[in-house]
Amino acid sequence: MQEQQIQRFFTTLQAANPLPASELEYSSVFELLAAVLLSAQATDVGVNKATRRLFPVANTPARILALGLDGLEAHIRTIGLYRSKARHLIQTCEILLARHGGQVPRSREALEALPGVGRKTANVVLNVAFGEPTCAVDTHIFRVSNRTGLAPGKTPLAVELTLVKRIPERFRVDAHHWLILHGRYVCQARKPRCAACSVADCCDFTPKTTAG
DNA sequence: ATCCCGAGGG
DNA sequence: CCCTCTGGAT
């Protein structure tokens with residue numbers, strides 16, 4: 001995908017969805033962090049189902065810790081990888097209270113030091129909660145970036161660095177949600193819906209009919 | 001490279 | 001049945 005096509009790609013997605021947002025449900029920065037931590041290799045629908053049980057009972061680090069490991073697991077048992085996520089979330093809450101006054105830190109280093117928080121989750125929090133133009137690369141963004149030719153790369157980090165270079169700054173904050181939603185509903189893993197795709201004409205993957 | 005790990009879809 | 005879902009730790 002060439003530079004002019006990248007402009008068109010994001011301009012088109014922007015026109016269809018001027019104010020894109022996460023489909024994860026949260027009402028505080030801590031809830032966002034917890035929801036994103038729980039969302040690893042899980043659907044947002046499944047995460048929302050669990051957090052609708054969890055957050056009314058425990059939506060602060062102290063309240064999560066008050067649940068204990070078994071109590072937390074009971075609330076999130078329907079999410080894949082729930083045992084490791086419960087353990088990590090508890091360890092993260094302990095660190096938030098011990099080192100950060102119970103608040104979610106704003107630096108990449110501090111975020112990635114939290115158990116269960118890697119580069120992708122840190123990028124999401126930095127972007128969605130704090131407005132930084134980071135490019136979190138999840139399964140959707142990795143696939144869409146490679147398939148369309150927007151940012152080819154063998155690893156998520158390689159894709160991320162290319163995305164930062166290639167996405168114009170004015171699009172970079174919202175690009176996260178545009179790419180995820182595009183991957184979820186149009187550029188799907190198994191059967192990409194190219195016939196219904198608004199950006200097929202600037203995609204390396206979609207077969208294009210020769211002009212004329 | 002491997003493990004974790006439930007739910008939904010094809 | 002198999003694949004996929006806003007990955008991270010070992």
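Naming: A, B, ... by sequence-line order, numbering from 1 per chain. Values below: all heavy atoms of this structure, side chains included; hydrogens, waters and symmetry mates excluded. These numbers come from a predicted model, not from an experiment.
At least one side-chain nitrogen or oxygen of A:Arg143 sits closer than 4.0 Å to the OP1 or OP2 atom of C:dC5. Taking only side-chain nitrogens and oxygens, A:Arg83 comes nearer than 4.0 Å to OP1 or OP2 of B:dC5. Phosphate proximity of C:dG7 to A:Arg119: absent, as no side-chain N or O sits under 4.0 Å from OP1 or OP2. Between A:His140 and C:dC5 there is a side-chain polar atom (N or O) within less than 4.0 angstrom of OP1 or OP2. Between A:Thr139 and C:dC5 there is a side-chain polar atom (N or O) within less than 4.0 angstrom of OP1 or OP2. The side chain of A:Ser39 contributes no N or O atom lying less than 4.0 Å from OP1 or OP2 of C:dC5.
For the pair A:Arg63/A:Val57, no side-chain contact is recorded, criterion being any heavy-atom separation below 4.5 Å from C-beta on.
Atom CZ of A:Arg87 and atom P of C:dG8 are 15 Å apart (whole Å). Taking atom CG on A:Leu81 and atom P on B:dC4, their separation rounds to 10 Å, with Å as the unit. C:dG7 atom C1' lies 15 Å from atom CG of A:Leu114, rounded to whole Å. Taking atom CD on A:Gln41 and atom P on C:dT6, their separation rounds to 9 Å, with Å as the unit. Between A:Glu73 atom CD and B:dC4 atom C1' there is a gap of 12 Å when expressed in whole angstrom units. Distance A:Lys191 NZ to C:dT4 P: 13 Å, rounded to the nearest Å. Rounded to an integer number of Å, the gap from A:Arg193 CZ to B:dG10 P is 11 Å. C:dG7 atom P lies 8 Å from atom CD1 of A:Ile180, rounded to whole Å.
Taking the P atom of each, C:dG8 and B:dA7 are spaced 22 Å apart, rounded to whole Å. Between the P atoms of B:dG10 and C:dT6, the separation comes to 14 Å (whole Å).
A:Pro156 comes within 4.0 angstrom of nothing in the nucleic acid, heavy atoms only. Using a 4.0 Å heavy-atom cutoff across all strands shown, A:Val124 reaches at least one base atom of the nucleic acid. Backbone-only contact: A:His88 has heavy atoms under 4.0 Å from sugar-phosphate atoms and none from a base. Residue A:Val117 is classed as a sugar-phosphate contact, given heavy-atom separations below 4.0 Å to backbone atoms only. Heavy atoms of A:Arg77 sit under 4.0 angstrom from primed sugar atoms or phosphate atoms, though from no base atom. Backbone-only engagement by A:Gly118 is indicated by non-hydrogen atom pairs under 4.0 Å involving sugar-phosphate atoms exclusively. Contact annotation for A:Leu24: base contact, defined as any heavy-atom pair under 4.0 Å involving a base atom. A:Ala189 comes within 4.0 angstrom of sugar-phosphate atoms only, judged by non-hydrogen atoms across all strands, and of no base. Using a 4.0 Å heavy-atom cutoff across all strands shown, A:Ser22 reaches at least one base atom of the nucleic acid.
With the nearest nucleotide of DNA chain B identified for both A:Ser84 and A:Lys49, A:Ser84 has the one nearer the 5' end. Each of A:Gly116 and A:Glu23 was assigned the nucleotide of DNA chain C with the nearest heavy atom; the assignment lying further toward the 5' end belongs to A:Glu23.
At a threshold of 4.0 Å, the pair A:Glu25-A:Arg52 counts as salt-bridged, since one of the basic side-chain nitrogens sits closer than that to a carboxylate oxygen. Under 4.0 Å is where a charged nitrogen must lie from a carboxylate oxygen, and between A:Glu160 and A:Arg119 at least one such pair does.
Atoms SG and CG, on A:Cys187 and A:Asn146 in that order, are 10.5 Å from each other to the nearest 0.5 Å. Between the CG atom of A:Asp204 and the CE atom of A:Met1 there is a distance of 6.0 Å, given to the nearest 0.5 Å.
By the neighbour-count criterion of 12 heavy atoms within 6.0 Å, atom CZ of A:Arg77 is densely surrounded, having more than that number from other residues, nucleotides or ligands.
For A:Arg190, the listed nucleotide lying nearest its side chain is C:dC3; candidates were C:dC3, B:dG6, C:dG7. Candidate nucleotides C:dT4, C:dG7, C:dT6 were compared by shortest atom distance to the side chain of A:Thr43, and C:dT6 ranks first.
Residue A:Leu89 is tested with A:Leu114, A:Ile64, A:Leu65 for a side-chain contact (heavy atoms from CB on, under 4.5 Å); the sole match is A:Ile64.
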